[in-house]
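Every chain is numbered from 1, with letters handed out A, B, ... down the list of sequences.
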Amino acid sequence: MRPLLEVQGIEKRFGTVTAVDGVSLDVAENEFFALLGASGSGKTTLLRMLAGFEDPSGGRVLLDGADITKVPPNHRPVNLMFQSYALFPHMTVRANISYGLEMERLPKAEIARRVDEMLGVIQLEGLAHRKPDQLSGGQKQRVALARALVKRPRLLLLDEPLGALDKKLRSAMQLELKRLQHEVGITFIVVTHDQEEALVMADRIAILKDGKLLQCGTPREVYERPIDRYAADFIGVMNFFEGYPQDGALQVKGATFTSTDPMPQGAAAGAVAAVRPERIRLGRGENTLAGTVRAMAYHGLDLQLHVDTAAGPVTLRLTADVAEAQPLHPGDPVTLGWSARDTRLFPA
Amino acid sequence: MNQRASTALMAPALAWLTALMVVPCLLILALAFFRRGLYGGIEYTFTLENLALVFDPLYAGIFLNSARVAGTAAIIACVIGYAAAYAIAAMPRRHQPMLLFFAVLPFWSNYLIRTYAWIVLLNREGLIVQGARWIGIEGELPPLLYTQGTVIVGLVYSYLPFVILACYAPLSRLNPEIAEASFDLGASSWTTFRRVTLPMTLPGIAVGAVFVFVLSIGNFVTPALLGGGQFQMIGNTIYAQFLTANDWPFGAALSMVLIAIMMGLLFLQTLAVERGSGGRVRDA
Ligand SMILES: Nc1ncnc2c1ncn2[C@@H]1O[C@H](COP(=O)(O)OP(=O)(O)O)[C@@H](O)[C@H]1O
Ligand SMILES: [Mg+2]
């Protein structure tokens, strides 16, 4: 089946700055797609090109197979929820939401019906007559979402939709957004700089770095098989060990690690072994390190253990039952082990 | 800052305004309730005749005509000024202070000199007539000076910088994403302007319009010089009552009504500005 959105080698230069540098990606119908990247990596610029606010310096955008690269924003079946929300301050919540439908010249009765329905979906029926500056941050966020959703776009673009909310509301809204997307059946592209948020919400994640697409895949793929050291570091917590290849294994300070990954090209100049904290166990494994417990942090379900080793500091997570069966204290010697299968190799 | 400190800081300004502005004005206005002496001067017997005379068709007519001239000037100044402010606000940020400086520049030169410059430009032997002759236009030309239109042009010219500044303030503070949101929701440029940009910047227009109206309706220099005394505006009439007719009580009565109109408008202006204070770019 043809993807809903095809982005082909799109780029954007502002003077000497290349904000987006030859990005190609496909988004399928009904997908919840996350664009993840550090601040300044070009996420907003890419989104604005999809909405039609920036003219690409090169490349094409296809929607349902039709080239929309030159179509102005008011003629694209695409809506953007702005990072600043950009609500109309002089209009009530109801007027904000019905604005987009009035532009489609729909009958008054239908507009009223759809706005009522949308007010129900975002649970703001009681506040329909309020102006935006009488709303809390979370309420504004929902109005901005409703204003875009009520148009039933083919594609909804959301620029850091949860960025302005506090942590607790954020995690509630992550699930809410996902539920809503499922309910309305609209394709979402969500921009975020929060890797955890992307992992929780998205069907697929694209990682941007300096305007380039670094990796694109399911949350599991980008988490388990990061394409390079940057991606591995950006998503989740990762332990890195720098070393040199020897007989197909990686020689690091005080140990030798094996991996099921092939040795990366140009590794003679140095390579990096990487392992996730939750893959490390107490006791020997295919790869083994000895060290001393430096600190422990209690996280409810599990215990985060910081260990000093000859190869450098290592972080691992122990589940509560393991931690209870074998109480540890700072200063205790420990042996850490993990399998070759869980060891990634990257160029240095 | 606590209440007492702010009162202390405001005190000099309040004292200055009270002693040098409010008290003298009240003294003059009080004259409106007394009779005019036989040979000028004032006869201190209470009367409402002066105020009643203001509503005599002759003077009510002058008020209405002044309001029409001032209103026309305000509307024209707002259209031209808003367009200029819109264009300046759309320029790259770093050019904007310079453009504003040029827009306001005429304001720093003397009002009389500027107005006389118009006479040089517009009189029977003036630059415009000479220019017309030079490109070969013969015959009787319509009078350029001493018409109501000339007065309106002069007033618009004088007060345009006010309007540009008043409109520029809200336009430059507008979050550009709000207009973009309107496009995104399917609106055309014109609809976006009519339903989003214009309503959000209306307070600036209100401020500009009231300024031009209030300053124009009481103006007596421009009607005297550019209007050539061909028709009376309320400012000239008051001037004449005080300085020519020597009828201070009636002059005071006219002033009182004029000030009441101005205060009413300034009050409405304040209301409009307060109502429309939403929609600024938030500090992120
Ligand atoms: N209008 C613009 N003019 C010049 N440079 C810009 C403009 N918009 C973005 N940039 C630059 O492009 C890069 C990417 O910006 P942006 O897309 O906003 O990143 P993100 O949203 O990922 O933080 C940044 O270096 C930024 O400074
Ligand atoms: Mg951004």
J.: So, taking the atom named OH in A/Tyr99 and the one named CG in B/Asp184, what distance separates them when rounded to the nearest 0.5 Å?
T.: 11.0 Å
J.: Between A/His75 (side chain) and B/Gly186 (backbone), is there a donor-acceptor pair under 3.5 Å?
T.: no
J.: Does A/Arg179 CZ have over 12 foreign heavy atoms under 6.0 Å away?
T.: yes
J.: Looking only at heavy atoms and a cut-off of under 4.5 Å, which of A/Pro132, A/Ala51, A/Gly100 has the most pairs with chain B?
T.: A/Gly100
J.: Rounded to the nearest 0.5 Å, what separates atom CG in A/Asn74 from atom CD in B/Glu180?
T.: 12.0 Å
J.: Tell me, for A/Val150 versus chain B, whether the close heavy atoms (under 4.5 Å) come from the side chain, the backbone, both or neither.
T.: neither
J.: Side chain, backbone, both or neither: which part of A/Glu104 has a non-hydrogen atom closer than 4.5 Å to chain B?
T.: neither
J.: Tell me, for A/Arg48 versus chain B, whether the close heavy atoms (under 4.5 Å) come from the side chain, the backbone, both or neither.
T.: side chain
J.: Please check if the number of heavy atoms outside A/Glu196 that lie under 6.0 Å from its CD is greater than 12.
T.: no
J.: Where on A/Leu87 is there a heavy atom nearer than 4.5 Å to chain B: the side chain, the backbone, both, or neither?
T.: backbone
J.: Identify which part of A/Met81 has an atom lying under 4.5 Å from any heavy atom of chain B, answering side chain, backbone, both or neither.
T.: neither
J.: Does A/Phe14, at its CZ atom, have more than 12 non-hydrogen atoms belonging to other residues, nucleotides or ligands within less than 6.0 Å?
T.: yes
J.: Locate the shortest heavy-atom distance separating A/Ala86 from B/Ala181; write the atom from each residue and the value.
T.: O-CB, 3.8 Å
J.: To the nearest 0.5 Å, tell me how far A/Met103 CE sits from B/Phe183 CZ.
T.: 11.5 Å
J.: State, to 0.1 Å, how close A/Met91 and B/Arg195 come at their nearest heavy-atom pair, and which atoms those are.
T.: CE-O, 3.6 Å
J.: Determine whether B/Ile178 and A/Pro89 make a side-chain contact, defined as any pair of heavy atoms from C-beta on separated by less than 4.5 Å.
T.: yes
J.: Can you tell me if B/Phe193 has over 12 outside heavy atoms packed within less than 6.0 Å of its CZ?
T.: yes
J.: Heavy-atom distance under 4.5 Å between the side chains of A/Phe88 and B/Pro199, does that happen here?
T.: no
